[in-house]
Number of protein chains: 2
Amino acid sequence: MNIKTVAEYAGVSIATVSNVVHGKKIVKASTREKVLKAIHDLNYTPNAIAQSLKARKTNTIGVVISDISNPFFSTIIRGIEDASKESGYNVILCNTDEDYIKENEYLEVLKRKQIDGIILSATGRNENLKKLKKLQIPVVYIDRIPEEIDGPLVTSDNEKISYEATQHLIAQGFRKIGIIIGSKIISTTKERLNGYIKCLQEHGIPIHEEYIAVGDSRITGGKKAMEALYKLEDRPEAVFVTNSLMTLGALDYLKSENIRYSNDVSIIGYQDQDWEADWTLITNPAITVVKQPTYQIGWKAAHQLLKHITEGEELQSKRYELPCKLIIRESTQNPRAKKESM
Amino acid sequence: MNIKTVAEYAGVSIATVSNVVHGKKIVKASTREKVLKAIHDLNYTPNAIAQSLKARKTNTIGVVISDISNPFFSTIIRGIEDASKESGYNVILCNTDEDYIKENEYLEVLKRKQIDGIILSATGRNENLKKLKKLQIPVVYIDRIPEEIDGPLVTSDNEKISYEATQHLIAQGFRKIGIIIGSKIISTTKERLNGYIKCLQEHGIPIHEEYIAVGDSRITGGKKAMEALYKLEDRPEAVFVTNSLMTLGALDYLKSENIRYSNDVSIIGYQDQDWEADWTLITNPAITVVKQPTYQIGWKAAHQLLKHITEGEELQSKRYELPCKLIIRESTQNPRAKKESM
DNA sequence: CTGTTAGCGCTTTCAA
DNA sequence: TTGAAAGCGCTAACAG
């Protein structure tokens, strides 16, 4: 069903049909009726592809992330989708698995498909991003941004919350504090590590290199990293695990070795969803976590992008750091400190 | 950058450019070189929108689900996206929140955007689906399908696994077995309930209506449902919670009331991701769960849809039931039965 | 082997 | 107030 058929059915020109559909120009009431009837009878909907070709605008944005099945990203995407829907935009989803080849492929496809903008959690390969810049496609980065690349970034206040989390552990009386981080290429990892290091230093606690365990940001990575920490001769009394999946992995290791957290080792984890409850709450003991403003990151990123696209507001190379929260629960109570205080 | 500019730059016709781009017709080596150089120099990529308009084909499918931040759906979508990528298709994501108005809106948009097919977890309103059928857009349903609607459905073997889970509880010596289910409108809910009822009946255990608690398929729903069950005078000794988020909610309630599962009440939960580990494993005690083939559901659905779209293979109104697994862990050990066996 | 041209469905001048 | 026609970028039939 196309505009031509509708026009013939109504006995008018296609221009008139178009006018009725968009209500821009004034159309005589009687002809409008005829057209409306035709549209209804024939169940006509304008072809958005043809409209896009004409308007050079697709009302679609591309979202490029590493893995939608990671709750961190799925919650972000929910925020993106909600904001997009509000402005009449749709979202094309792309999973890169942190693979810059896939990233490149998707970026190419999105370009071919003439999407109006991109929200990107970059893998870290700058070539892709530089190419993107040349293309003049509006981009908002989320979570992280490679060095040397400038552009708007929406992320968490990683360093700050990491400092706070570390400080909490120190306040609980711990001195031997380990950290489990993801790939060091990623800017958020660096920031989280920085917060940890800075806090230890400011409290006069020396940095032990072997207390910094690197994982692959997923469950197995967290498991292995925790194992490495636990097998140290002089093992940490407390561990800060800096993402949600690795937290799961770390606890999986502890469970498999029958190690009780908060007795044998204190844990701070990460919560990447924005739910009121999640599994870190219902474990025994409940886990102290850093809660990320995940949904908000997505929403804000989409909002900025769409304000640029629809209202032409300039896209500044600015950081938007949304605040995390430290939710203190049972897993970081120092049994020793407790005893002392009794 | 368009084909015309490339043609002029290379000093050939646009048809020739099109030919070298697609490598269909034979082009003289020397002119091919010229064109290739032009394409490279000008960084030309064909405009997929124009191609789509011509071909009446967008290489895009729509995925309509209730909420991407639900791990069940995000894992399904990962499967869909992987299968789609393989065939050169992209995915537009739509969240309905089980709201048929949103569902309808998205279906309209997808139609306007001329997507080549839809994967749909239906809200239950038949009008939307009947309209869809009229449109002749290929649809594959996932997870559930309303009565009266026929079409291909990819889902889990809900009734079977529910029977199995219930049987496991009976085998552990439980007789007072509760179940927490989602909305009864949804076909999977009915199937899970059926498996439970059938199993109890076949073992000569009477059905108590008050042991069947209905939630909203999300965390709060699970929490309230568990509360209702636990406040019964004659409360169940074991509860089967039939989705992942409600499992979390149910345990949240137990935790808040200081009720130990597997001592005070046995629990079978649901795991909706396909990960090797998840939070149900690391709780104390670890939770017996039904593990859904979530990724596979998405993959299979996309595969069927795309086989139809690209190879014209007919889309049969058939059910594909992928097998769940019952993973038996600590939360369903009957303390009483244990004692007896010692 | 290469070029001309019609047409995909739509919007938007411009003229009537 | 309405309509004719150009053109968005591309493909494919057809002519040369």
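So you know, we letter chains A, B, ... as the sequences are listed, proteins then strands, and number each from 1. In this text, all values refer to a predicted model and were calculated from it rather than measured experimentally.
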Could you check whether any side-chain heavy atom of A:Asp116 comes within less than 4.5 Å of a side-chain heavy atom of A:Pro138, counting everything from C-beta outward?
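Side chain of A:Asp116 against side chain of A:Pro138, heavy atoms only: no contact under 4.5 Å found.
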Flag yes if more than 12 heavy atoms outside [X] fall under 6.0 Å of its [atom1] atom; otherwise flag no.
X: A:Arg218; atom1: CZ; value: no
X: B:Ile309; atom1: CD1; value: yes
X: B:Glu127; atom1: CD; value: yes

Global bending angle along the helix from C:dC1-D:dG16 to C:dA16-D:dT1, which compares the axes of five pairs at either end, to 10 degrees
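For the helix from C:dC1-D:dG16 to C:dA16-D:dT1, the axes at opposite ends meet at about 50°.
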State which residues pass salt bridge (Lys or Arg N to Asp or Glu O under 4.0 Å) with B:Lys111; sequence neighbours excluded, sorted by chain then number.
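Partners of B:Lys111 by the salt bridge (Lys or Arg N to Asp or Glu O under 4.0 Å) criterion come out as none, since no residue qualifies.
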ring-ring contact (aromatic ring centres under 6.0 Å, His included) with B:His308: which residues, sequence neighbours excluded?
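B:His308: no ring-ring contact (aromatic ring centres under 6.0 Å, His included) contacts found.
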Check step by step if side-chain contact (heavy atoms from CB on, under 4.5 Å) holds for B:Asp97 and B:Lys102.
CA-CA 8 Å; B:Asp97 294 315; B:Lys102 282 195 196 173; 2.7 Å; yes
Mind calculating the distance between NZ (A:Lys57) and C1' (D:dC8) to the nearest angstrom?
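Between C1' of D:dC8 and NZ of A:Lys57: 15 Å.
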Whole-Å distance between D:dC10 P and A:Lys113 NZ?
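Roughly 16 Å, once rounded to whole Å.
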May I have the list of side-chain donor-acceptor pairs in residues 63-73 of chain A shorter than 3.5 Å, sequence neighbours left out?
| unit_1 | atom_1 | unit_2 | atom_2 | d |
| --- | --- | --- | --- | --- |
| A:Ser66 | OG | A:Glu98 | OE2 | 3.4 |
| A:Asp67 | OD1 | A:Ser69 | N | 2.9 |
| A:Asp67 | OD1 | A:Ser69 | OG | 3.1 |
| A:Asp67 | OD1 | B:Arg78 | NE | 2.8 |
| A:Asp67 | OD2 | A:Ser69 | OG | 3.0 |
| A:Asn70 | OD1 | A:Phe72 | N | 2.9 |

Stretch residues 27-38 of chain A: residues that reach within less than 4.0 Å of DNA chain D through a heavy atom:
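Here the set is A:Val27, A:Lys28, A:Thr31.
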Ignoring hydrogens and angles, state whether a donor on the side chain of B:Thr60 or B:Asn90 is under 3.5 Å from an acceptor on the partner side chain.
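Side-chain D/A pair, B:Thr60 to B:Asn90: absent.
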B:Thr16 side chain N/O closer than 4.0 Å to the phosphate oxygens (OP1, OP2) of C:dT2?
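Looking at the OP1 and OP2 atoms of C:dT2, neither is under 4.0 Å from any side-chain N or O of B:Thr16.
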Per-nt protein contacts along nucleotides 8-14 of chain C (heavy atom under 4.0 Å; B base, S backbone sugar-phosphate only, - none) come out as BBBBBBB
Would a distance-only check, ignoring hydrogens and angles, find a side-chain to backbone donor-acceptor pair under 3.5 Å from A:Lys113 to B:Asn59?
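Checking the backbone N and O of B:Asn59 against the side chain of A:Lys113, a donor-acceptor pair under 3.5 Å is found.
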